[in-house]
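First, the structure itself, so that you have it in front of you.
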Amino acid sequence: MDTPLSTIAVVGLGTMGSGIAEVLVRAGREVIGIDVSEAAARRAVACLEAATARSVARERITEEERRDILARFRTFSDLRAAADADLVIEVVPESYELKQQVFRELDAVVRPDAILATGTNALSVTRLAADSARPERVLGLHFFNPAPAMKLVEIVSSVLTAPQAVAAVTDLAHQLGKEPVAVGDRPGFVADGLLFGYLNQAAAMYESRYASREDIDAAMRLGCGLPMGPLALLDLIGVDTARTVLEAMYAESGDRLHAPAPILRQLSDAGLTGRKAGRGFYTYEEPGSGVVVRDALTPSETAATGEVREVRSVGVAGSGTMASGIAEVFAKAGYAVVLAARSLEKAETAKGRIAKSLARSVEKGRLTAEAADAALARVTPAGSLDAFADVDLAVEAVAEDLEVKRQLFATLDKVCKPGAVLATTTSSLPVVACARATSRPQDVIGMHFFNPAPAMKLVEIVRTVLTADDVHATVREVTAKIRKHPVDCGDRAGFIVNALLFPYLNNAIKMVENHYASLDDIDAAMRLGGGYPMGPFELLDVVGLDVSLAIERVLHREFRDPGLAPAPLLEHLVAAGCLGRKTGRGFREYARR
């Protein structure tokens, strides 16, 4: 197996196979493309011609280099064309029967020292290897779509795989400019193992009519910095493909979080498999298009918001980072803001934090000095909630403690004028419990800002069963005026973002507990393979392990799902005082400043 892997066959020339072939020929490999469909082979050649023409136009390669690249790619319809290949990568549809047939035919064709790789992300590499004549040369080589752009490659070993085969394809991945991550054989591997559980929960959330598809997708894009929302991503991947992956994951784990949401079966059985069909969770311009068009479920852009209450002044209760950030947002939008804390000194300190934030915005050219001065002048610090007597909207941003919040709302009920809207920024506690602490629960609503409030565009608007229509309409209008994106959701634990984010983080911890992959490999897999701005362990250490544990416990208590039980490793770290960056140690250690 000490082969340079210079001639490589790619079996299956769909989107993924064509992408892998492009990566290989651009890196100087001779590539044999094989597909039973001559049309698929022609499309693969056309895709490579178009991609290399764009590269010439952008002056990334010369016309001569383009001719060389195209000459290195040859297509065939018979597997016998792989006879001289050093490596064969199969990327045929996710079916054991089909893949086993391909491997059996390759056994009779390829050289004894050739390596056979499967591109599966859902099926057992071990099972495919066991059916091969030479199981030691079989492994998984999982590229991510689009292969030319995505850096991650998961290299999957079975208990039968020879180390030399792993070393050879790892070297190849590096030479292709990819980041290889070594993983064991389990459905979904690392990236998809974490990604598809999250996608499944998003599908179930939509199916339960908890939130609209647009709001779920916007929440995860704007609240987590993801490149796509989960339902749009399911349409891109293929609803049928996602169902197949989840079925394989559930068969192994037995975890209800991996049991495919019924809507995935319903859409698949109806042929509504996503972009490739022209319709899935969304409707597209045509099959294969990524352009979403309006359908019966698209929210009306001209729908009236209903009666709203006038909001000219805002009270913000709290003195921490979130409270000062929210006060800054309202002040920059032109509202008169009363910033109340437990003492005037704390309130003035919070205003000082706003002044520094505004100054940084001026330095970066995001705000004029005049606008910053005007915004700061609109903020009035106060040492008591009595200062909220005339505000039209009161927003609390105090500690995430239900009893503390209840007491605060009881005080707001006495202090604030009739008709004032009372909002909580809680991320995990029941909004209705705050509402019931008042004599006017119809005026209470959730406004969940994300940290840092001046930068993050999302606000989850949480309506209880008691919230008045005009209060909901008022808060949506105000959210738009402060240039944030409102998403509607009901009053249940985690709302949209945390209910989808924290089970994903918890599952990443379980991977480490089970010694399946390292912190670094998991973080790299999700950044490079999932497009996440941070890996799960980077994010956990930033958020704080104590905060994360508290949210996990709330989700587990609310939904009673064993799969949501906090990972023991998380509980142990919190008990040891390892809370993340703020203590200098969490999942990783940090230099103390």
Side-chain angles (χ1 to χ4, degrees), residues 202 205 210-212 214-226 229 311 314-318 320-330 333 393-402 404-406 408-409 412 421-435 441 443-467 471-503 505 539 542-544 547-548 550-552 554-555 558:
M205 179 181 281
Y210 175 66
S212 70
E214 288 82 3
D215 279 355
I216 291 171
D217 279 354
M220 298 313 292
R221 283 189 292 103
L222 300 175
C224 295
L226 299 180
V311 176
V314 178
V316 179
T321 304
M322 182 59 82
S324 58
I326 293 170
E328 178 184 336
V329 167
F330 279 106
L393 167 65
V395 182
E396 71 78 15
V398 300
E400 195 73 345
D401 180 299
L402 186 54
V404 170
K405 290 184 186 292
R406 278 178 171 148
L408 187 143
F409 271 84
L412 291 177
V421 175
L422 311 181
T424 172
T425 61
T426 183
S427 63
S428 59
L429 301 175
V431 176
V432 74
C434 297
D443 292 340
V444 179
I445 196 167
M447 284 186 77
H448 180 212
F449 288 80
F450 287 74
N451 201 19
M456 299 295 281
K457 292 293 185 184
L458 181 69
V459 176
E460 289 177 320
I461 297 177
V462 187
R463 184 174 184 170
T464 78
V465 293
L466 302 173
T467 304
V471 168
H472 175 248
T474 298
V475 170
R476 281 194 63 88
E477 182 177 87
V478 167
T479 302
K481 286 182 177 177
I482 59 176
R483 297 184 177 180
K484 301 296 183 185
H485 185 102
V487 297
D488 286 323
C489 52
D491 184 19
R492 74 180 201 189
F495 311 136
I496 297 175
V497 174
N498 286 347
L500 296 179
L501 174 64
F502 280 89
L505 296 175
L539 182 56
V542 168
V543 170
V547 174
S548 301
I551 294 173
E552 290 287 357
V554 167
L555 291 173
E558 173 102 337

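Since the structure is predicted, the reported quantities are computational estimates derived from the model, not experimental observations.
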Partners passing ring-ring contact (aromatic ring centres under 6.0 Å, His included) against Tyr210 (at least two apart in sequence or in another chain):
none

I need the Leu429 CG to Asp491 CG distance, nearest 0.5 Å.
10.0 Å

From Phe409 CZ over to Leu402 CG, what is the distance, rounded to the nearest 0.5 angstrom?
10.5 Å

Rounded at 0.5 Å granularity, tell me how far CG in Asp401 sits from CZ in Arg406.
10.0 Å

Do you know which two heavy atoms are closest between Ala202 and Leu500, and how far apart they sit?
N-CD2, 3.6 Å

I need the single residue from Val462, Val395, Ile461 that forms a side-chain contact (heavy atoms from CB on, under 4.5 Å) with Val475. Which is it?
Ile461

Where Thr479 and Pro486 come nearest, the two heavy atoms and their spacing:
CG2-CB, 3.8 Å

Applying side-chain hydrogen bond (donor to acceptor under 3.5 Å, both in side chains) to Thr464 and not counting sequence neighbours gives Thr467

Is there a donor-acceptor pair closer than 3.5 Å between any side-chain N or O of Glu460 and the backbone N or O of Ile496?
yes

Quick one: closest heavy-atom pair of Ala219 and Leu458, and the distance?
O-CD2, 3.5 Å

Nearest 0.5 angstrom please: Ile482 CD1 to Lys457 NZ, how far?
10.0 Å

One thing to verify: whether Lys405 and Glu396 come together as a salt bridge, which I'm taking to mean a side-chain N less than 4.0 angstrom from a carboxylate O.
yes

With a 3.5 Å distance limit and no angle check, can you tell me whether Lys481 reaches the backbone of Phe330 through a side-chain donor-acceptor pair?
no

Val311: what forms a side chain to side chain contact (heavy atoms under 4.5 Å, CB included) with it, not counting sequence neighbours?
Val314, Tyr335, Asp392, Leu393, Thr474, Val478

Ser548: what forms a side-chain hydrogen bond (donor to acceptor under 3.5 Å, both in side chains) with it, not counting sequence neighbours?
none

Might you work through the side-chain contact (heavy atoms from CB on, under 4.5 Å) test for Thr426 and His448, ending with a clear yes or no?
CA-CA 6 Å; Thr426 183; His448 180 212; over 6 Å; no

From CD1 (Ile445) to OG1 (Thr424), nearest 0.5 Å:
11.0 Å

Indicate yes or no for a side-chain donor-acceptor contact from Glu400 to the backbone of Ser427 under 3.5 Å, with no hydrogens or angles considered.
yes

Could you pull out all residues at least two apart from Arg221 that satisfy side-chain hydrogen bond (donor to acceptor under 3.5 Å, both in side chains)?
none

So do the side chains of Leu501 and Cys224 get within less than 4.5 Å of each other, counting heavy atoms only?
yes

side-chain contact (heavy atoms from CB on, under 4.5 Å) between Val554 and Phe502, intermediate numbers included
CA-CA 11 Å; Val554 167; Phe502 280 89; over 6 Å; no

Atom pair CE/CG of Met456 and Leu222 - distance to nearest 0.5 Å
8.0 Å

If every non-hydrogen atom of Glu552 is compared with every non-hydrogen atom of Pro503, which pair is closest and at what distance?
OE2-N, 3.9 Å

Write down the atom of Val329, the atom of Ala453, and the distance for their closest heavy-atom approach.
CG2-O, 3.6 Å

Asn498: which residues meet the side-chain hydrogen bond (donor to acceptor under 3.5 Å, both in side chains) condition with it, sequence neighbours left out?
none

Which heavy atom of Val444 sits nearest a heavy atom of Ala435, and at what distance?
CB-CB, 3.6 Å

